[in-house]
Amino acid sequence: MKFNTKLVLGIESTAHTWSVGIMDFNGKVYSVANDTFIPEKGGLHPYLVKEQHLNNFMSVIRKALNDAECKIRDIDLIAFSKSPGLGPILKIGAQVARMLGQLLNIPIIGVNHCIAHIEIGRLMCNINDPLTLYVSGGNTIVSAYESGKYQIFGETLDISIGNMIDMFARDIGLSHPGGPKIEKLAQESKRYLSLPYVVKGMDLSFSGLYTAAKKLIESDSFGKAYGRNDIAYSLQETAFAMLTEVTERALAHTQKEEVLLTGGVAANKRLQEMIAYISKEHNARFEVVPHKYAGDNGVMIAWTGVLRYQSEGEHDNRFTVIDPKERMDTLSIPWRG
Ligand code: AMP
Ligand code: MG
């Protein structure tokens with residue numbers, strides 16, 4: 001294929017998914033290819049994830065290039081996720097990006113993964129200045145653009161919403177990822193069992209909720225007075241109401257006219273319903289990022305790389321050092337404002 005505009009290759013490598021996206025500098029997507037680690041039991045073991053990504057990174061790059069009908073020599077910019085995430089996994093993305101950049105003699109740019117979730121939502125939903133609820137296996141963040149940065153209005157103080165649901169699913173014998181299975185179970189019940197609802201200021205805590213749900217499974221009443229579906233329903237209602245409360249307060253404070261829901265948990269219909277409801281109450285337009293781009297993907301990294309590259313130019317290798325704990329509210333966003 002012949003390309004009229006510059007091309008970017010984006011690499012996502014923060015956790016379970018190694019993903020490569022190819023698009024042009026105008027935001028047209030040509031391909032996305034993924035390889036996702038699925039644990040047989042337990043959570044994400046960084047060593048096992050790292051081994052899988054190291055074994056597969058080149059075949060995923062090759063698939064993305066083939067699907068886009070382009071060659072590696074056609075690429076003008078490499079973007080990669082430099083933060084936040086699991087250190088050993090971030091390192092693979094950074095090393096592959098540096099290798100490709102040096103081999104092809106093209107610029108590379110490091111991208112904050114959380115900012116990328118917002119930017120791909122703005123692009124795909126054709127939305128300008130949203131309040132964003134980002135809910136995934138690794139993060140739970142309510143944020144919006146203000147004073148030159150993506151400010152964090154609320155976040156989890158312990159585990160993420162996706163991780164909490166996955167852990168509970170595992171405890172009742174459901175395989176990873178648990179989210180969609182818990183959603184299905186929850187639809188079979190309307191019986192609310194009281195569970196801890198923990199919102200502290202604008203922040204959330206899910207660990208007490210998880211422990212309480214686990215105790216319900218271990219209790220003698222389990223299977224008699226109530227079942228898995230009742231706990232799944234109650235867990236979702238409680239956790240999602242907590243998310244909705246914080247999102248609504250941030251919306252009232254920021255007066256944004258758009259609300260964006262993103263991350264893997266955004267697929268949940270009940271959560272969508274709750275956030276849609278409060279958006280309507282505040283006369284804000286509500287959008288959910290399309291499933292393909294809501295979970296971790298290389299396209300969101302590619303696009304955010306283009307935005308930063310166009311405003312800051314290429315990053316020196318020193319600025320492409322990974323930062324597993326980098327907060328998005330520490331970075332300036334020169335392409336907005
Ligand atoms: P991510 O980390 O963005 O790739 O998203 C993965 C997370 O999304 C996992 O914790 C999944 O269990 C969760 N997830 C996916 N689909 C759903 C759903 N329908 N309801 C709740 N959680 C979901
Ligand atoms: Mg993510």
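Just so you know, these numbers use all the heavy atoms, side chains as well, and skip hydrogens, waters and symmetry mates. Numbering of ligands and ligand atoms starts at 1, following listing order. By convention here, the first residue in the shown sequence is residue 1.
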Quiz prompt | Modelled atom types, side-chain donor and acceptor of Ser31 and Asp67, under 3.5 Å | solution = no
Quiz item: Is there at least one pair of N or O atoms, one from Gly137 and one from ligand 1, spaced under 3.5 Å apart?
Solution: yes
Self-check item: Among Gly295, Pro180, Gly138, Ala169, closest by any non-hydrogen atom to atom 17 (C) of ligand 1
Solution: Pro180
Quiz item: Of the protein's non-hydrogen atoms, which lies at the shortest distance from atom 13 (C) of ligand 1, and what is that distance?
Solution: Val265 CG2, 3.9 Å
Quiz prompt | At the Mg ion (ligand 2): angle between Tyr134 atom OH and Asp296 atom OD1, to 10 degrees | solution = 170°
Quiz prompt | Any N or O of Ile165 closer than 3.5 Å to N or O of ligand 1 | solution = no
Quiz item: At a 4.0 Å threshold, what atoms of ligand 1 neighbour a non-hydrogen atom of Pro177?
Solution: 11 (C), 12 (O)
Exercise. May I ask you to check whether over 12 heavy atoms, not counting those of Glu257, lie within 6.0 Å of atom CD?
Key: no
Self-check item: N/O/S atom of Cys114 inside 2.8 Å of the Mg ion (ligand 2), strictly under
Solution: no
Quiz item: Taking atom types as modelled and ignoring hydrogens, do the side chains of Tyr210 and Asn163 form a donor-acceptor contact shorter than 3.5 angstrom?
Solution: no
Self-check item: Glu258 versus Asn128, side-chain donor and acceptor atoms under 3.5 Å
Solution: no
Exercise. Could you tell me the residue and atom name of the protein heavy atom closest to atom 19 (N) of ligand 1, and the distance to it rounded to 0.1 Å?
Key: Glu183 OE1, 2.8 Å
Quiz item: So which N/O/S atom does His113 have closest to the Mg ion (ligand 2)?
Solution: NE2
Quiz item: For ligand 1, which atoms, with element, lie under 4.0 Å from some heavy atom of Gly162?
Solution: 10 (O)
Self-check item: Candidate list Thr156, Asp158, Val198, test side chain to side chain contact (heavy atoms under 4.5 Å, CB included), partner Ser207, passing option
Solution: Asp158
Exercise. Can you label the angle between the His113 ring and the His117 ring as parallel, tilted or perpendicular, going by 30° and 60°?
Key: perpendicular
Self-check item: For the Mg ion (ligand 2): the N/O/S atom of His117 at shortest distance
Solution: NE2
Quiz item: Where is the nearest protein heavy atom to atom 23 (C) of ligand 1: which residue, which atom, and how far?
Solution: Gly179 CA, 3.6 Å
Quiz item: How about Tyr293 and Met300: do any of their side-chain heavy atoms sit closer than 4.5 Å?
Solution: no
Quiz item: Considering only the protein, which heavy-atom contact is closest to atom 20 (N) of ligand 1, and what is its distance?
Solution: Asn268 ND2, 3.0 Å
Exercise. For the pair Tyr192 and Tyr233, name the ring-plane relationship: parallel under 30°, tilted 30 to 60°, perpendicular over 60°.
Key: perpendicular
Quiz prompt | No-hydrogen, no-angle side-chain donor-acceptor test under 3.5 Å, Thr140 and Ser160 | solution = no
Quiz item: Nearest protein heavy atom to atom 14 (N) of ligand 1, by residue and atom, and its distance?
Solution: Gly264 O, 3.6 Å
Exercise. Any atoms of ligand 1 less than 4.0 Å from a non-hydrogen atom of His16? List them with their elements.
Key: 1 (P), 2 (O), 4 (O)
Quiz item: Where does Asp166 meet ligand 1, judged by heavy-atom distances below 4.0 Å: at the side chain, the backbone, both, or neither?
Solution: side chain
Quiz item: What orientation do Phe25 and Tyr309 show, parallel under 30°, tilted 30 to 60°, or perpendicular over 60°?
Solution: perpendicular
